[in-house]
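Computed from a predicted model, the values in this text were never measured in an experiment. Heads up: numbering here begins at 1 and tracks the sequence.
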Amino acid sequence: MTQTQFADAKAAALMTVMSLIALRSPFSQAATLSDPLDLVTYALIVLSVLLCLLALVPRFPSRKTCEDVLTRDKFSWIAISSERWSADEHQNFARDADLQEMISSLARSSIGSACVLRNKFLALRWAFASGFAAVLLMTIRYLPG
């Protein structure tokens, strides 16, 4: 959970910085969209913001996957958050389930969370690379001298 919050904070910060660069920087006032270098720079900024949005949006499994998980992994976050699974049912499962069943369910849930986190950080890597390239192009283009 901490890593997910960290990834979301990084995505929100980068998205804010890139949006400010696009809207309020000297680049935004001097750029002309007829210049190919300015066009590429803007495209990289937009790509960076879109990738940040992708990192921020949680990727829930499909409805079918959720149904499958609900029937076999009673200790997963999908089951716990389901409308079909009550607090009493969860309490009874946690009390009555054997240790092997709980460990297996928790392991599957951890794998699902890790996959979502991996996708977040992958989107973030590309967002930072795109943002860095945009800033580099702006620096080359508008460097005095």
Asks: With clusters defined by side-chain heavy atoms of hydrophobic residues (ILVMFWY) lying less than 4.5 Å apart, directly or transitively, does Leu37 cluster with Leu47?
Replies: no
Asks: Would a distance-only check, ignoring hydrogens and angles, find a side-chain to backbone donor-acceptor pair under 3.5 Å from Thr16 to Ala12?
Replies: yes
Asks: Look up atom CZ in Phe121 and atom CZ in Phe6, then write down how far apart they are to the nearest 0.5 Å.
Replies: 6.5 Å
Asks: Backbone N or O of Val135 within a donor-acceptor pair of the Thr139 side chain at under 3.5 Å?
Replies: yes
Asks: side-chain contact (heavy atoms from CB on, under 4.5 Å) for Met15 and Leu56? Distances and angles first, verdict last.
Replies: CA-CA 10 Å; Met15 187 169 57; Leu56 285 170; 3.7 Å; yes
Asks: Between Leu124 and Leu51, is a side-chain contact (heavy atoms from CB on, under 4.5 Å) present by the stated rule, with each step listed?
Replies: CA-CA 7 Å; Leu124 266 176; Leu51 287 167; over 6 Å; no
Asks: How far does CG of Leu54 sit from CG of Asn119, to the nearest 0.5 angstrom?
Replies: 8.0 Å
Asks: Only one of Val57, Val17, Leu14 clears side-chain contact (heavy atoms from CB on, under 4.5 Å) with Cys52; which?
Replies: Leu14
Asks: Membership question, hydrophobic clusters at under 4.5 Å side-chain separation (ILVMFWY): are Trp126 and Val46 in the same one?
Replies: no
Asks: Report yes or no: does Lys120 contribute a side-chain atom to a donor-acceptor pair with the main-chain N or O of Ala7 at less than 3.5 Å?
Replies: no
Asks: Out of curiosity, Asp88 CG to Asn92 CG, how far, rounded to the nearest 0.5 Å?
Replies: 6.5 Å
Asks: Nearest heavy-atom pair of Ile45 and Ala134: which atoms, and what distance?
Replies: CG1-CB, 3.7 Å
Asks: Please name the pair of heavy atoms, one in Ala127 and one in Ser48, separated by the smallest distance, quoted to 0.1 Å.
Replies: O-OG, 2.9 Å
Asks: Please check if the side chain of Thr41 supplies one atom and the backbone of Met138 the other of a donor-acceptor pair under 3.5 Å.
Replies: no
Asks: In Å, rounded to the nearest 0.5 Å, how long is the span from CE of Met18 to CZ of Phe132?
Replies: 11.5 Å
